[in-house]
Amino acid sequence: EESRALNLGDVVALAQKAAGCSTDETCRSGFRFVQLPVSPHSMPEMYTLPSQRPPSTSTSTSTLEKNDNSLFQTLAQTAKDFNIGIFSSRSLGSSGRKGRTQAKCLDWKGLPPSVRVPSFPIHNLQTDILHVTRSSPGLLCALVGHKTPANVESNLKLASFPPLTRHEFESVVKKCTA
């Protein structure tokens, strides 16, 4: 099956070309950020799906072995390699019954003892999802809409708690993607 993922390296090359950069790696195009849907329970591909060619690979995707994932890396890793920041949209994931069902993996049960359960003043599904999403390695900001002042207040309180460690984050994502 043909990959439908847009290769970040190709976008960087286009931005450098548009900026008039030659092959000199010191040229900066101004392309610094991407925004994509990220959610640990319903859209974890940014850190779970090896869909990107590493920056050092100049071979086109069509000549790479289609099923050899060792030649590819995740978008999170590729963005880091290119020094591109990531903003998430749809940080709370899918809405509706399907999204709530998928998010049950975030109930903090069945995780290794090394994963600390956050001690938020308000524990609800949206707060837990946002906490895990904002802990995504390589993510600068988890964008989320607010319908009520209570949502704003709840999410601002969340900012006073440290994000999950990489180990804790990976344990939660593993549970959600199992």
Side-chain angles (χ1 to χ4, degrees), residues 1-19 21 23-95 98-99 102-103 105-106 111 115 126 128-145 155 158-159 162-178:
E1 178 181 317
E2 243 350 91
S3 172
R4 294 177 15 171
L6 182 63
N7 189 56
L8 190 56
D10 294 342
V11 178
V12 169
L14 287 171
Q16 288 177 329
K17 183 178 177 183
C21 298
T23 57
D24 180 8
E25 289 186 22
T26 61
C27 180
R28 301 292 294 183
S29 68
F31 176 43
R32 301 278 192 275
F33 307 98
V34 294
Q35 179 180 334
L36 58 140
V38 177
S39 181
H41 67 286
S42 64
M43 294 174 280
E45 295 84 2
M46 176 185 101
Y47 32 76
T48 62
L49 181 67
S51 64
Q52 302 290 307
R53 292 190 310 269
S56 61
T57 307
S58 59
T59 311
S60 71
T61 307
S62 61
T63 61
L64 295 173
E65 290 293 324
K66 291 182 180 175
N67 294 322
D68 187 357
N69 284 345
S70 68
L71 299 175
F72 293 88
Q73 61 188 29
T74 65
L75 180 64
Q77 181 60 50
T78 304
K80 180 180 176 188
D81 292 347
F82 280 117
N83 198 28
I84 293 175
I86 300 172
F87 289 83
S88 75
S89 55
R90 302 229 20 218
S91 300
L92 297 178
S94 302
S95 60
K98 182 180 179 189
Q102 289 173 322
C105 64
L106 298 174
L111 291 167
V115 176
Q126 288 76 20
D128 289 344
I129 293 170
L130 186 55
H131 178 58
V132 177
T133 300
R134 77 182 184 110
S135 301
S136 301
L139 191 68
L140 293 177
C141 181
L143 302 174
V144 63
N155 292 339
L158 180 63
L164 297 173
T165 66
R166 186 176 195 102
H167 165 73
E168 292 168 334
F169 174 81
E170 288 172 353
S171 296
V172 172
V173 170
K174 183 178 179 180
K175 179 182 175 195
C176 287
T177 57

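Small disclaimer: the values here were computed from a predicted structure and weren't measured.
- Looking only at distances, no side-chain donor or acceptor of Q35 sits under 3.5 Å from a matching main-chain atom of S89.
- Heavy-atom minimum distance, T133 versus V38: CG2-O, 3.6 Å.
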Next on the checklist: Between F82 and F31, is the ring-ring contact (aromatic ring centres under 6.0 Å, His included) condition met? List the steps.
Outcome noted: CA-CA 10 Å; F82 280 117; F31 176 43; 8.7 Å; no

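- With a 4.5 Å cut-off on side-chain heavy atoms, F72 and S51 do not count as touching.
- Panel note: side chain S136, backbone L139; no donor-acceptor pair is recorded below 3.5 Å.
- Side-chain atoms of T78 and Q73 form a donor-acceptor pair, as typed in the model, at a separation below 3.5 Å.
- The closest side-chain heavy-atom distance from I129 to S39 is below 4.5 Å.
- The closest donor-acceptor contact from the side chain of E168 to the backbone of T165 lies under 3.5 Å.
- Here D10 contributes atom CG and Q52 contributes atom CD; the two are 8.5 Å apart, rounded to the nearest 0.5 Å.
- Judged purely by atom type and a 3.5 angstrom limit, N83 has no side-chain atom pairing as donor or acceptor with the backbone of R32.
- The minimum heavy-atom distance linking M46 with P137 is given by the pair CE-O, 3.7 Å.
- The pair K174-E170 does not meet the salt-bridge criterion, since no charged nitrogen lies less than 4.0 angstrom from a carboxylate oxygen.
- Judged by distance alone, with hydrogens and angles left aside, the side-chain atoms of S135 form no donor-acceptor pair with the main-chain N or O of P163 at under 3.5 Å.
- For the pair K175/L111, a side-chain contact is recorded, criterion being any heavy-atom separation below 4.5 Å from C-beta on.
- V144 places a side-chain heavy atom less than 4.5 Å from the side chain of L130.
- When every heavy atom of S29 is checked against every heavy atom of A19, the shortest pair comes out as CA-CB, 3.7 Å.
- Shown here for A79 and I86, the closest heavy-atom pair between the two residues is CB-CD1, 3.7 Å.
- Two residues are said to be in side-chain contact when any heavy atoms from C-beta on lie closer than 4.5 Å; R53 and N7 meet this criterion.
- In this structure, OG1 in T74 is found 10.5 Å from OH in Y47, a value given to the nearest 0.5 Å.
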Item to check | Stepwise side chain to side chain donor-acceptor pair (under 3.5 Å) check, N155 with Q126 | outcome: CA-CA 9 Å; N155 292 339; Q126 288 76 20; over 6 Å; no

Next on the checklist: I'd like to know whether V132 forms a side-chain contact (heavy atoms from CB on, under 4.5 Å) with F169, so could you lay out the CA-CA distance, the side-chain angles of the two residues, the decisive distance to 0.1 Å, and finally the verdict.
Outcome noted: CA-CA 7 Å; V132 177; F169 174 81; 4.0 Å; yes

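- Using a 4.5 Å cut-off on side-chain heavy atoms (C-beta onward), R134 and L158 make contact.
- Two residues are said to be in side-chain contact when any heavy atoms from C-beta on lie closer than 4.5 Å; L75 and E45 fail this criterion.
- Residues T48 and V173 have side chains in contact (heavy-atom distance under 4.5 Å, counting atoms from C-beta outward).
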